[in-house]
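Reading through the C-alpha cells given below for one structure.
Labels below follow one simple rule: chain letters A, B, ... track the order of the sequence lines, proteins then strands, and each chain is numbered from 1.
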Amino acid sequence: MRASAGRILSLLGLALLLLAANEAIHAALSLEGALISECGPEVQMAHVQYNAIMLQVSGAAVLGIIMNYQSDYVKKVAAKFNSGDLKRLFLGMVVAGGSVYNRCGKYCIRFYGKDYTMHQVFAGLSYELYRSSPSTIQITGRGSYMTQLYCKDAVIDIKELSPDTNARKGGTPTIEYILEGNRSIRQESMRVIMSVAGWVAPSLKRTAYGYSVSTRIGLGSSSPLPLNEEYKILAESLLLKFNSYSDSRYPETGYLMSYDPDTCSGFLSMGGFVDGSLVKKGRYAGMEKNSVLRASLAIGGKHFETPASAEKVMEAAVCNSNFDLSALLGRIMLG
DNA sequence: CGATCACACGCTCGGTAAAC
DNA sequence: GTTTACCGAGCGTGTGATCG
C-alpha cells in the first residue's frame with residue numbers, strides 16, 4: 001500500500017514523542033503550531049490528521065523535520081493523474097522553485113521556499129513517482145525551508161525533460177513537457193507553478209473619488225526569456241492573459257504580470273493557488289495567496305476615503321473570508 | 001555514499017509611482 | 001483605469017565541508 005510508508009513515519013514520530021518528551025521537542029512543536037496556524041482550515045485538518053513530527057538536531061536554530069508526505073493535495077492529484085502527468089507537476093516545481101545538483105557523483109534535486117505546504121507537495125510527488133523520501137531542513141535564522149531529494153532516477157528524469165535546469169547559472173529550463181499535456185494537467189501545472197513562483201500584489205491607487213484597490217497577479221521575476229515565453233503559452237492555453245515584462249537590470253530575463261480582472265478571477269476559479277501557498281513578503285506576507293487574491297478582487301473597484309480604510313477592509317477580508325463585507329464597506333467606503 | 005550543515009552573493013518579489 | 005518602469009532588502013541558491 002502506498003500509504004504504509006507514511007503511516008510508519010507517523011508511528012515512528014509518535015514513538016519518538018513518547019520516548020523523548022523534552023524541551024526541544026516541545027519548542028519545535030510550538031513553532032510548528034505557529035506555522036500551521038497560518039494555513040487554511042483544510043491544511044490544518046490534514047495536519048491534525050497526519051501530525052508531522054519535528055526533531056531538534058545539532059545547532060540551536062536548525063530543525064530537521066520528518067514529514068509525513070501525505071499532503072491532501074498530492075492525494076488528490078495522485079488519484080486523478082497517471083505518473084507521466086505527475087512528472088509534469090514535479091518538473092514544474094523543480095523549474096519554478098528548485099535546483100538540480102549533479103556533480104561529484106551526487107544526484108540531488110532541491111526545492112526551496114517558505115511554504116511548508118509546497119514542501120509537502122514536493123515531497124509527496126517525490127514519493128509517488130520515485131518511492132524516495134526527501135528531507136526538509138529549516139534554513140537557519142530564516143523562515144524558509146530546503147527540501148533535498150537524493151535520487152538518481154529523479155535527476156535523470158528531470159535532466160531528460162529539461163537538460164538545462166539551473167536558471168541561475170544562465171541555463172534555460174524548459175516546460176515543453178508540460179505544454180504537451182492535456183488541458184487538465186496543464187491547468188494543474190499552472191496552479192502549482194503559480195504557487196511556487198507566482199505572486200499577488202494588490203495595490204492602492206489614488207483616484208478622483210479617493211483610493212481604490214487594484215489586483216495584480218504575476219509569475220516569476222527574472223525568468224530566462226524562453227522559459228517566460230513558455231509560461232505565457234501555458235497561461236494562454238488556459239485563457240489567462242498575461243503580458244511579459246522585463247527588469248532593465250536583467251535584460252535577458254522577464255516575468256509575467258496581469259491586471260486583467262477576468263484573468264485574476266479566472267485563475268481563482270480554476271482553483272487558484274494551491275491551498276496553503278503563502279505570500280512571501282510585503283504587507284500580506286504569511287497570508288494565503290488565495291485569500292489575498294479573493295479579498296482583493298472582492299473590494300476591487302470600490303473607493304475608499306483614505307489608504308488606511310482601504311487597508312483595514314483588505315485585512316479584514318483576507319483574515320476572514322466569511323466576514324460581512326457589505327456591512328464593513330457600508331461603514332467605511334465612500335462610493 | 002547518502003545526508004546534513006553553513007554561508008555569501010546577488011536575485012526576486014513586491015512596493016511605489018509615473019506614464020499612457 | 002491600465003500599463004510600464006524603477007528599485008531595494010530580504011531571502012533563494014549553489015556549493016564546499018563535514019559527518020556517520
To the nearest angstrom, the CD1-C1' distance between A/Ile109 and B/dA3 comes to 16 Å
Checklist entry - Within the structure, does a side-chain N or O atom of A/Ser221 lie under 4.0 Å from either OP1 or OP2 of B/dT12? => result no
Q: Please evaluate the base of C/dC7 for a donor-acceptor partner in the side chain of A/Asp247 within a cut-off of under 3.5 Å?
A: yes
Could you go over nucleotides 1-3 of chain C and give all protein N or O partners under 3.5 Å, atom names and distances?
from, atom 1, to, atom 2, distance (Å)
C/dT2, O4, A/Lys205, NZ, 3.2

(Q) When you compare the side chains of A/Thr136 and A/His119, does any donor N or O come within less than 3.5 Å of an acceptor on the partner? (A) no
Discussion item. Quick check on the 6.0 Å ring-centre criterion: do A/Phe273 and A/Phe267 meet it?
Written reply: yes
Of A/Tyr255 and A/Lys280, the one whose closest nucleotide on DNA chain C sits nearer the 5' end is A/Tyr255
Checking C/dC11, B/dT4, B/dT12 against the side chain of A/Lys114 (C-beta onward), the nearest is C/dC11
Here the distance between atom P of C/dG12 and atom CD of A/Gln148, to the nearest Å, is 15 Å
When rounded to whole Å, the OH to C1' distance for the pair A/Tyr112 and C/dG14 reads 6 Å
Heavy-atom nearest nucleotide on DNA chain C taken for A/Ser244 and for A/Gly97; more 5' hit belongs to A/Ser244
*Would you find more than 12 non-hydrogen atoms of other residues, nucleotides or ligands less than 6.0 Å from A/Glu236 atom CD?*
yes
- Within the 6.0 Å centroid threshold, strictly below: A/Tyr177 and A/Phe90: no
Winner on side-chain proximity to A/Ser99, out of B/dC13, C/dG14, C/dC11, is C/dG14
In whole angstroms, the gap separating P of B/dT12 from CE of A/Met257 amounts to 17 Å
A/Lys281 atom NZ is separated from B/dT12 atom P, nearest whole Å, by 10 Å
Whole-Å distance, A/Tyr145 OH to B/dC5 C1', equals 17 Å
Of B/dT12, B/dG15, B/dC13, the nucleotide closest to the side chain of A/Ala201 is B/dG15
A/Leu256 CG to B/dC13 P, in whole Å, measures 13 Å
Rounded to whole Å, CG of A/Asp115 lies from C1' of C/dG12 at a distance of 13 Å
Q | Presence of donor-acceptor pair under 3.5 Å, side chain of A/Arg216 and base of C/dT4 | A | no
- Task: Answer yes if the side chains of A/Thr174 and A/Ser162 hold a donor-acceptor pair under 3.5 Å, and no otherwise.
- Result: no
Closest to the 5' end of DNA chain B, once A/Met146 and A/Ala96 are matched to their nearest nucleotides, is A/Met146
By side chain to side chain donor-acceptor pair (under 3.5 Å), A/Thr215 pairs with (sequence neighbours left out) A/Ser296
In short, salt bridge (charged side-chain N to carboxylate O under 4.0 Å, His left out) pairs touching residues 82-93 of chain A with sequence neighbours left out are A/Asp85-A/Arg88, A/Lys87-A/Asp157
